[in-house]
Amino acid sequence: MDKPLVVITGASSGIGEATARAFAKAGHPLLLLARRLARMEAMDIPNSLCRKVDVRDRDAIEAAIRDAESQYGPTDCLLNNAGIARLADIGAQSPNEWDEMIDINTKGVMNALHPVMGGMKDRRHGTIVMMSSIAGRKVYPDHTVYCGTKYFVHAVSESIRGYLAPYDVRVIVISPGIIETEVLDHVTDPNTLKNYKDNKVRIGGGISADHVADMILFAYQMPQNVLIQEMCVTPTRQEH
Ligand code: NDP
């Protein structure tokens with residue numbers, strides 16, 4: 001196996017799935033992590049391990065990564081992508097939805113970072129791709145806690161970028177606008193969902209996750225001494 005291992009969290013749909021396909025096409029062995037194992041296995045990607053892992057389970061992530069590394073060698077790229085968006089009127093939203101977003105989008109991100117960061121630092125090689133959002137750069141109505149979690153991703157990314165730069169390890173932030181995925185499927189506030197969908201129709205729809213995947217692969221394939229620090233991508237008509 002001449003290409004190094006790429007680990008993707010949230011690989012069962014959307015941006016994670018599209019990126020898995022793009023990296024597989026580029027010849028990388030993959031570790032795919034998410035809760036819906038059948039969805040990942042159905043992708044039928046050669047040289048890949050699929051593991052049913054909830055990113056809230058730090059030990060399970062670490063075990064899956066060690067397993068994949070024993071087969072494919074050290075992790076050279078992590079796409080830290082798993083996330084949820086329970087958008088809602090903050091005054092009416094159940095705090096249980098706050099907890100879920102905070103646990104998955106912040107602690108889950110740290111859980112995936114932990115097992116790969118030390119090895120990359122030791123080898124003085126590696127790339128960590130952090131999935132934020134345009135909602136990690138500015139706030140939107142009904143995005144309160146979601147924005148909080150994505151601002152967290154931005155802050156942690158900037159901090160670890162500085163920490164890892166002397167070791168030639170790259171930290172890339174991806175900040176998408178509206179991408180056509182399943183991310184809004186679990187929104188429980190009907191008014192929030194209606195406003196989001198109306199806005200999407202107004203701007204002519206979201207864009208394909210394949211474009212985000214291509215951007216991630218492009219940034220990864222640049223020479224190791226070239227760091228694209230952040231990529232912000234939106235539909236052309238998404239003005240905010
Ligand atoms: P999807 O809902 O299609 O994908 C989300 C992925 O995260 C799924 O594979 C899901 O897998 C996984 N996931 C969710 N919770 C957990 C968990 N507890 N443990 C493990 N995996 C989990 O949406 P997207 O592809 O859009 O979302 C990917 C990332 O992109 C998210 O971080 C999202 O915030 C971000 N993003 C998306 C935008 C968009 O418009 N689509 C815009 C900006 C950012 P499973 O349910 O099988 O566990």
Side-chain angles (χ1 to χ4, degrees), residues 7-22 30-43 50-62 64-65 78-87 96-97 99-113 129-140 142-143 145-154 156-157 172-187 192-193 196-197 199-200 203 205-213 215-216 230-235 238 240:
V7 175
I8 300 178
T9 70
S12 58
S13 63
I15 297 168
E17 175 181 351
T19 308
R21 293 189 196 282
L30 300 175
L31 171 62
L32 306 181
L33 303 173
R35 294 165 299 180
R36 290 170 296 172
L37 183 62
R39 286 277 295 257
M40 295 185 289
E41 287 178 343
M43 289 161 68
C50 303
R51 285 290 148 86
K52 179 182 167 71
V53 165
D54 188 315
V55 291
R56 289 168 287 194
D57 185 343
R58 188 181 296 152
D59 293 341
I61 297 186
E62 169 132 32
I65 290 177
L78 166 69
L79 172 57
N80 210 344
N81 165 75
I84 59 165
R86 304 282 184 261
L87 311 183
N96 292 336
E97 291 196 340
D99 289 346
E100 208 186 352
M101 276 185 283
I102 291 165
D103 287 346
I104 294 172
N105 298 4
T106 68
K107 293 184 192 172
V109 163
M110 299 313 292
N111 289 343
L113 205 51
V129 182
M130 301 284 274
M131 184 53 67
S132 185
S133 168
I134 198 165
R137 311 175 98 242
K138 49 191 172 187
V139 295
Y140 295 87
D142 295 353
H143 282 57
V145 175
Y146 182 71
C147 280
T149 65
K150 294 302 188 182
Y151 273 64
F152 173 94
V153 172
H154 261 82
V156 166
S157 300
I172 298 167
V173 176
I174 309 293
S175 302
I178 298 178
I179 314 298
E180 293 290 353
T181 69
E182 299 170 21
V183 75
L184 268 290
D185 281 8
H186 304 285
V187 169
T192 300
L193 199 54
Y196 186 92
K197 285 184 172 166
N199 183 49
K200 222 167 94 167
I203 66 165
I207 55 176
S208 164
D210 292 337
H211 299 307
V212 185
M215 286 167 44
I216 294 169
E230 181 174 353
M231 298 174 100
C232 186
V233 56
T234 66
Q238 186 181 349
H240 305 300

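Both counts, for ligands and for their atoms, begin at 1 and track the order of listing.
- When only interatomic distances are considered, the shortest N/O to N/O separation between Gly10 and ligand 1 falls below 3.5 Å.
- The one candidate from Asp99, Ile102, Asn105 that meets the side chain to side chain contact (heavy atoms under 4.5 Å, CB included) condition with Val145 is Ile102.
- Protein heavy atom in closest approach to atom 22 (C) of ligand 1: Ala82 CB, 3.7 Å.
- A pairwise comparison of heavy atoms in Ala20 and Leu32 identifies CB-CD2, 3.7 Å as the closest pair.
- Checked by distance only, ligand 1 and Ile179 come closer than 3.5 Å through their nitrogen or oxygen atoms.
- Residues Ile15 and Ile216 approach most closely at CG2-CD1, 4.4 Å, considering heavy atoms.
- Scanning all protein heavy atoms for the shortest distance to atom 11 (O) of ligand 1 gives Ser12 OG, 2.9 Å.
- Among all heavy-atom pairs drawn from Asp210 and Ala18, the shortest one is OD1-CB, 3.5 Å.
- For atom 44 (C) of ligand 1, the nearest protein heavy atom (residue, atom name, distance) is Ser132 O, 3.2 Å.
- Under a 4.0 angstrom heavy-atom cut-off, Arg39 registers as lying outside contact with ligand 1.
- At a 4.0 Å heavy-atom cut-off, ligand 1 touches Val53 through the backbone alone.
- Closest to atom 34 (O) of ligand 1 among all protein heavy atoms lies Tyr146 OH, 2.6 Å.
- Note: no N/O pair closer than 3.5 Å links Ala34 and ligand 1 by distance alone.
- The side-chain heavy atoms of Arg56 and Glu100, taken from C-beta on, include a pair separated by under 4.5 Å.
- Within the 4.0 Å heavy-atom criterion, the part of Ala11 lying near ligand 1 is the backbone and not the side chain.
- Close approach of ligand 1 to Gly14 (heavy-atom distance below 4.0 Å) involves ligand atoms 3 (O), 25 (O).
- For the pair Val156 and Met110, the minimum side-chain heavy-atom distance is below 4.5 Å.
- Between the side chain of Thr9 and the backbone N or O of Ala82, at least one donor-acceptor pair lies under 3.5 Å.
- Among Val183, Ile8, Thr234, Asp103, the residue whose heavy atom sits closest to atom 27 (O) of ligand 1 is Val183.
- Here Glu180 has no heavy atoms under 4.0 Å from ligand 1, in either its backbone or its side chain.
- Atoms of ligand 1 found under 4.0 Å from any heavy atom of Ile178 (numbered from 1 in listed order, with element): 40 (O).
- The shortest N/O to N/O separation between Ile15 and ligand 1 falls below 3.5 Å.
- Here the protein heavy atom with the shortest distance to atom 14 (C) of ligand 1 is Arg35 NH2, 3.3 Å.
- For atom 24 (P) of ligand 1, the closest non-hydrogen atom on the protein side is Thr181 OG1, 3.4 Å.
- When non-hydrogen atoms are compared, ligand 1 lies under 4.0 Å from neither the backbone nor the side chain of Ser175.
- Looking at Leu37, Val109, Asn80, Asn81 and measuring to atom 32 (O) of ligand 1, the nearest heavy atom belongs to Asn81.
- With Glu180 contributing its side chain and Gly206 its backbone, the two residues share a donor-acceptor pair below 3.5 Å.
- Residue contact check: Gly177 has heavy atoms under 4.0 Å from atoms 38 (C), 39 (C), 40 (O), 42 (C), 43 (C) of ligand 1.
- Around the CZ atom of Arg39, the shell of radius 6.0 Å holds more than 12 heavy atoms that belong to other residues, nucleotides or ligands.
- Of the possible donor and acceptor atoms, none in the side chain of Lys138 sits under 3.5 Å from a partner among the backbone N and O of Cys147.
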Subject >> Stepwise salt bridge (charged side-chain N to carboxylate O under 4.0 Å, His left out) test for Arg36 and Glu17 >> reply: CA-CA 12 Å; Arg36 290 170 296 172; Glu17 175 181 351; over 6 Å; no
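- In terms of modelled atom types and a separation under 3.5 Å, the side chain of Glu182 and the main chain of Ser13 share no donor-acceptor contact.
- Using a 4.0 Å cut-off to heavy atoms of Ile104, the atoms of ligand 1 that qualify are 15 (N), 18 (N).
- Atom 3 (O) of ligand 1 has as its closest protein heavy atom Ser13 OG, 2.8 Å.
- Among all protein heavy atoms, the one lying closest to atom 35 (C) of ligand 1 is Met131 CG, 3.6 Å.
- Checking side-chain atoms of Asn81 against main-chain N and O of Met131 turns up no donor-acceptor pair under 3.5 Å.
- Against a heavy-atom cut-off of under 4.0 Å, Glu182 is close to the following atoms of ligand 1: 2 (O), 3 (O).
- Proximity to Ile84 (heavy-atom distance under 4.0 Å) selects the following atoms of ligand 1: 14 (C), 15 (N).
- Side-chain atoms of Tyr146 do not come within 3.5 Å of backbone N or O of Tyr140 as any donor-acceptor pair.
- Here Val55 has heavy atoms under 4.0 Å from ligand 1 in both its backbone and its side chain.
- Closest of all the heavy-atom pairs between Val153 and Ser132 is CG1-CB, 3.9 Å.
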